[in-house]
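Reviewing the structure listed below.
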Amino acid sequence: MPVNYYIFLSLALFIIGIVGVLTRRNVIIVFMCIELMLNAVNLLLVAFSKMHHLAQVKINPAAGAEAQLFVFFIMVVAAAEVAVGLSIIVMLYRNTHSVDINFLNRLKH
Amino acid sequence: MSITQILFWILSVITLGSALMVVVSKNPVFSVLWLIITFFTISGHYILLNAQFLAVVNIIVYAGAIMVLFLFVIMLMNLNKETEPQKNKWLKLAGAVAGGCLLLVLVAALRNTEKNITELTTGDIGLIQNLGKELFTNFVVPFEISSILFLSAMVGAVVLGKREEISAVEPEIKKLKVDQHEMNVPV
Amino acid sequence: MNTLILSAVSGVIMMFSSFVLNKGRSVQILAHVLLLAIIFTNIAELRGITFLQIDTKGLLSFDKFSLLFMVVANVCTLAFFLLSSKDMEKVGRSYSDYFALIFFILAGVAISASFKSLLMLFLGIEIISIPLYILTGSDKRNLKSNEASLKYFLMGAFSTGLMLMGIALVYGATGTFQTTLNIAADKVPVLIVAGMMLLMFAMAFKVSAAPFHFWTPDVYDGAPTVFTSFMATVVKAAGFIAFLRLFNDAFVDIRTEWKLLIAIIVAATLFIGNITAVFQQSVKRMLAYSSISQAGFMLLAVYSLNSDAKEGLILYAAAYSLATIGIFAVLIKMKDYTFDGFNGFAKTQPLIAAVMVIFLLSLAGIPLTAGFLSKFYMLKATINAGGIALAIFAVIMAAVSVYYYFRLVQAMYFKTGETIVFDVSTGFKYTLISLAGITILLGLFPNLLTNWLYF
Amino acid sequence: MIVLFLFLVPLIGGLASFFLKNDTAVRRWALLISVATLALSVAGNFMLPAADALRFSTSWLGSMGSSFSLKLDGLSQLLCLLTALAYPIIFIATWKSNYKKSNNFFGLMLLTQAGLIGVFTATDALLFYFFWELALVPMYFLCSGWGGEKRIPVTFKFFIYTFTASVIMLIGLVYIYFLTPDRSFALESFYAVKIANPTQHWIFWLLFVAFAVKMPVFPFHTWQPDTYEQSPTAATMVLSGLMVKMGLFGVIRWVLPVVPDAAYAWGDLVMSMGIIGIIYASIIAIQQDDLKRLIAYSSIAHMGLMAATLFAETKLGYQGVLVQMFNHGINIIGLWIVVELIERQFGTRRLSELGGLAQKAPGLTALLVIIALANIALPLTNSFVGEFMMFAGIWTSAVTKYNMVFTGLAGVGIILAAVYTLTMIQKIFYGGTNNLTANARDVNSNERVALAVIVLLIVILGVYPQPLLNLSNNFVDGLLSEIKVSYKLVK
Amino acid sequence: MKNLIFLIPLLPFIGFLINGLGRKSLSKNIVSIIGCGVVLASFIISVTIFFQGNYSVTQFTYFNFINAGILKIPFAFQIDQLSTLFLLIITGVGFLIHVYSTAYMKEENSDHFARYFAYLNLFVFSMLLLVMGGNFVIMFIGWEGVGLCSYLLIGYWFKNIDYTKAANKAFVMNRIGDLGFLLAVFWLLAKLGTVSYHEVFTAANIAKLTTTDITGITLLLFLGATGKSAQIPLYTWLPDAMAGPTPVSALIHAATMVTAGIYMIARSNLLFQNAPITNSVISVIGAATALLAATIALRQNDIKKVLAYSTVSQLGYMFLALGSGAYAVAVFHVMTHAFFKALLFLGAGSVIHAVSGQQDIRFMGGLKKKLPITYFTFLIGCLAIAGIPPLSGFFSKDAILLSAFEHDKFLYVVGVITAALTAFYMFRLLFVTFGGSFRGTDEEKHHIHESPAAITIPLIVLAVLSIVGGFVGVPEVFVHGGERLITYLSPVIAPIKHNVAHATEYMLMAVTTIIAIIAIVLAWLRYRNYKDEQSSPVSRLLQNKWYVDELYNNIFVNPINKLGSIANKYFEKKGIDGLVNGVGKLVNHGGRQMRWLQSGQIGSYVLMMVVSMFLFFVLQFFLRK
């Protein structure tokens, strides 16, 4: 089972996320697409951890664990980010009653 | 073509498909739901890669907590109508094209990496006990540090979420004034 | 490590202080005391006195470089507190929380200055970023502030995604998150190159280097000026230290792969930053662009990873932060942020005007100021690394930068008009003067700072 | 030690005078400081060239291979003497002209003096650059603080122009630093290093551009007339009398011995630039109606000759240049004093609005005529010696094939110089008076003193230039030996 | 006596200082006493030197003027026969003219009077420096010094702007010549490393010089001479120089300064002897100048202008002699010319003085009875210049024509024609001025009076000199050993043997004399009682001096001015400065445009980031290798 498949899969997910960021105007959806990108990374990391585990399990039985822990940390951070991000969005909504990023153009030039 | 491979393909297809739906579906609520589906499939992948702990956490944290949060916010703002104003076609197209190009380049670059075969049965580091041991021996420092992250996030949520008690009129005017004089900065 | 812990702890203390202390003044004093304590432990640690030992399992390493930078960052923060902490009160009602967030940021700075593992890099950057999103949006009723905060948040999260992808790819190739990965320079796995580039882009975003700088002007402009001053100086410097550390530890072996890319990024940053700053009318926005152009200069340290670069980056961080904090502190006192707002400033505030001139000269890199020597270090390092064309381009751009810095001087000295300046305490003045003094002192004897790296 | 004081006295004096509030006190203080500096430099001139007092060195930025080291050799003694001499004259001459915030004005003036002396005495490249800017920045503030109505854009252009050039020079210096065996900015190690030929060429340009802008040589000169026109006359005196010498000095000390092959290779080009500059500037000067611009262009012409002579690489030429640097400084300051005086009295510098002053102000006429004659290098005035030697130097130059052509064309310059100078005298002094000049008064006491000093110097140095020549003699020998190491001069 | 030599130039210089600095305080009498006294003193010293007549030592070095490496220029004097002769002429004639000036300038108020004498003394000083200098540089100092003084004295009445313009013209044209001189000096310096006469003019050193060198050097020196001595093409300043006071014209523009060129060439005759090309150039230009100036003089009505052109043409004669190799003869003519031309100018001055400043001869006439002494002396001057035996002009001019005859027949013919024209226009001048009846206004008529003694005595002295002055150069054919002057000068200037039959020599003299007499008679018939000359095209051409000034203006002056204004307006402002400012404008414009990148849209920001990432990847993975 070549690891390339996983690389391509997660790259595809990642890019889908980017495209979402590029094409949507709803802030929340944009944010969700970013979450999608993070998940792509997680998937890739897990795949790699598996790969390295198999490669080095003889010398180090715990090989590859650090990647899974990294994924864990990513989730942690993502959760925190979501908390902050959503509160920012809510705050903005309170002031403008809109979540359209195209309305965010007071600051330019 | 073992069972795992078949599973892998099925899961991958669903993952990508639902991910696409997240991006394309008009209604925010639907895209949230599609995203949840994506997360489930990704957890499936985790299980295939026998990272059982992560699979579970993924479902609980993401699909459970985070997505519900999203859904909650969307409901709160009752955005569940299909009338999201559309970006202009060209910008969308440009975005899609740019993303596609990036994908192509990366794939073309990474296509010939060394082929490690990962047979998907053995290996038990994905189990809670092993990860836990790692986490609380080698990775205790980052674990503690991430608490700082949470603290700051919490403070942030408080700072941003807390309503200002002062009457809503007076500061509005003040701010508007400020805005004005910052606006009339010639650009 | 002690510094890290202490700043985190003091963040917590500030967080709860609002329940105990209800007067802004006392909160402020508490913050200053805590910060002084942090600086004290920091210096102690730099001199080798540690109060409690913690084994970081090789994830962090507090060498002289990182510690010295932390000293610089903390001292700059102190200057920032002394000058502008009173103005933070005007921003919003949760005064103590702002301090808490700033202390958390300092903790993040400590991490990103001393990481040895990509995991810590990630955490450090995040711990810096998340409070910043909040501080940016802290002026809740101000639409500009909200907008800035959201922009910063979305794009920051995006760049985090890039960084994580880069980390993942690097991990895939090497199987470790430690930054001390020694790669055979002859056959470089393409995964590493791709990951390295993604990391480069993410870091470039954090230090607002072109073409990933777009968030900077808007965010700096929209954020409350107090916090702009902080994030344009200490935070940005931290980003550079992280950048330098990452590439110096991890990718120094394959520098042939990325030298060209960094060179392009440097050139683009210098060009866009300086040229765009020329036409700005608002001093605040001009400073945002100038921070971009200064970033271009600091990136030269990453381009040429040698001892000059390291010393120079520390010096640069100090010089740039001190000058910028000083100018922002004065800017906060102004009613009108445009250049014309400064017309005839020298008449009403001769002393402050003179100090401003010193800061501006330092930013423009005129000799006898720290700004010159830091630029000089950078150029020296660059030429040593064989990038003479880049150096020439850089100095020409520095000459362009003189153009917009001196517009301010002209407005203050040679144009007439009356300026509205809010209350200026004598303590404020003395702090400014001492900052200017430090700027000149470092401009004459940079070894006072750089020698700490060695003994 | 004396060299250190030579630099410190004006520096500290300048900084101190920012804090003096009383106007006359400031003027007295500035005069005192400048006279003290003069005394120091005169004392320095009476010492043996080998005296330790003429050297000072202490460690500074050791990690960067740079040290704070000053030296007074023939060249720097000549120029320091000029600098130290010029300031008292300037202060005396402009005693009556009043400035707002005079403490800042005189403080900045003294700072420029410190910078100039530093530039002329520094034997460390980095230090040299420091002083280079230290001289430039106060000058910027002087010009745009107390200048004419278009001062802000004009002096800004001047500043950015020269600053750009100087940072490019900095790159060149740092590059040489990396070529030095012992990684040091010291002048000696710069001289010691042998630079390969292709490298020399663009190092030469990196350095030369800065000096060319400063001098200024022909295509780089456009900042000069505007700046002279707009800046306060006292600053103009410093600019044209002393600062332009920084360029020549830089070439002599930092370019020719360091990259001799490139200097040899580009000699013809630079010489033709200089010569074109002479004729071009003179022809334009004939057209000028504004007194300041006229003198500015004439100064460009003189500088062109000196620049050209530098690259003829003959002993005669070099000594001529050194002598002429001194003399040109004296003469042009004299001219500016007269301009200042005329402008203060009539509020105009237009030649077309003046006339007939000779009847009203015979003393002024006599003095200006002498200075003007020195400006066109009439024999028995000081600059005849310099120009004669420079012409002889170009003619006898062995490094260019076109020496005769160059000399001839440069000679056309002295004819044109006669044209515009005499026209200037005629338009100011001769003919009938008009209602503007009808009740003009003659020079007052302090201007008379300043001008008399200058005229005396002109005549004495014109009849007996030997002191200056002796001062420069050994230095030039050393210089030539430095230059000739790389190629043989065919004699 | 020798150790007093330095006093000769020094005394006039002291006079200059006293008169110049004390011009406010000193009274006119003191000024004139000082002014004349110093010159008289130098004259006496010169005379004593002359009569001592021992020239064992010729070099007198005082100090090093310039001493730098290979260049050693001592401040040295050289006193030999040649310089002594000139010393006598300068100080002697100079003294007379000083005396004359005391009366002539009486109307000036005192400090201008002092200024005048200061300038005059300064001139004498520079002229002495010129002739005494022991090397070319000292000579050059004097050379430019006299130029300066002539500038100052021409522009002496500076209220009149045209006078000052004339002064400028004189100075600039001299400068052109000086440049040639200077270049010649450099050339010598480059080749021989010295400029001292006693080192340059040695056979060994001259042998070092190639033909090109000598030709080049001599041509450049001659260029200098044309400037100073008003030869084609640089002669046009001299007529304008008549703007100065008349005694100045007499001293500077007739007797002394304008002969500096001749002195210089005579001084360096050893060089010129070896430069055949130069010699022919000199003689042709000399002859041409002589003829041209003479023709112009025919139709001038300003009394001083006539004299000026006659000076030019006489100088042409001298150059003709020089070109023909007869250096001593040229010097001889310098001497005689100094006498009679000074006499004529002073006479003219006396006339102008008498008719209260009128200079146009058409409004004079009939002054014979009113000004007897002036008339008589003026007549002598005219006879002398016309070359009527046995006056001085006859001998010198005849000697010149003789050498020209030997050298080149054609030039000889030109010389003879010029002689005829000279006689004609001089006597036209004489008859129109003194003959007939007065044509001026009445009040002018009233204060016509003979001038005071201070004016007439110099006239008489000079008249005597113009009569007897020629006897120092009586041709061999008359008296054996007659050519005293030539033998006197022989140590400096090797004498040349005439190899023409005595018969021819007599014949030539006869021809010139007869032609001159015929010309005088014609002039008498034509002008004995004056009526306006009808203006034929030819006469208009001559009146307008062949339009040479206009020509020069159109081919030199105006183009340079045009060029300057064009360069100033377009090349300077628009071109170079435009370029410099253009860069600034470009930066500004760039800033203005660049701001539009900052659209404020997150979408576009991210898009740009993604695109640039894409480009970076492409560069890294596909382009770099």
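Both backbone and side-chain heavy atoms feed into the values below; hydrogens, waters and symmetry mates do not. Below, chains carry the letters A, B, ... as their sequence lines are ordered, and counting in each starts from 1.
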[X], part contacting chain A, at a heavy-atom distance under 4.5 Å:
X	value
C:Phe158	both
C:Tyr171	both
C:Leu162	both
C:Thr174	backbone
C:Phe214	neither

Which region of A:Ile74, side chain (C-beta onward) or backbone (N, CA, C, O), has a non-hydrogen atom less than 4.5 Å from a non-hydrogen atom of chain C, or is it both or neither?
both
Drop me the distance from [X]'s [atom1] to [Y]'s [atom2], to the nearest 0.5 angstrom.
X	Y	atom1	atom2	value
A:Leu45	C:Leu164	CG	CG	7.5 Å
A:Arg94	C:Arg141	CZ	CZ	7.5 Å
A:Met91	C:Ser145	CE	OG	6.0 Å
A:Glu66	C:Leu59	CD	CG	10.5 Å

Greatest number of heavy atom pairs closer than 4.5 Å to chain C - which of A:Val30, A:Ile18, A:Thr96
A:Ile18
If you look at every heavy atom in [X] and [Y], which pair is closest and at what distance?
X	Y	answer
C:Gly172	A:Met51	O-CE, 3.3 Å
A:Phe48	C:Leu169	CE1-CA, 4.4 Å
A:Ile34	C:Leu154	CD1-O, 3.6 Å
C:Met165	A:Val41	N-CG2, 3.7 Å
A:Asn95	C:Lys140	ND2-O, 2.8 Å

Do other residues, nucleotides or ligands put more than 12 heavy atoms under 6.0 Å from A:Phe73 CZ?
yes
Heavy atoms from other residues, nucleotides or ligands near OH of A:Tyr5 exceed 12 (cutoff 6.0 Å)
no
Which residues pass the side chain to side chain donor-acceptor pair (under 3.5 Å) test with C:Thr216, not counting sequence neighbours?
none
Near-ring test A:Phe70/C:Phe177, centroid separation under 6.0 angstrom:
yes
Salt bridge (charged side-chain N to carboxylate O under 4.0 Å, His left out) partners of residues 149-163 of chain C, not counting sequence neighbours, each pair once:
C:Glu147-C:Lys151, C:Lys151-C:Asp218
Less than 4.5 Å apart, any side-chain heavy atom of C:Thr160 and any of A:Glu81?
yes
For C:Phe230, give me all partners under ring-ring contact (aromatic ring centres under 6.0 Å, His included), at least two apart in sequence or on another chain.
C:Phe80
Filtered by a 4.5 Å non-hydrogen cutoff, the part of residues 82-90 of chain A contacting chain C is A:Val84, A:Gly85, A:Ile88, A:Ile89
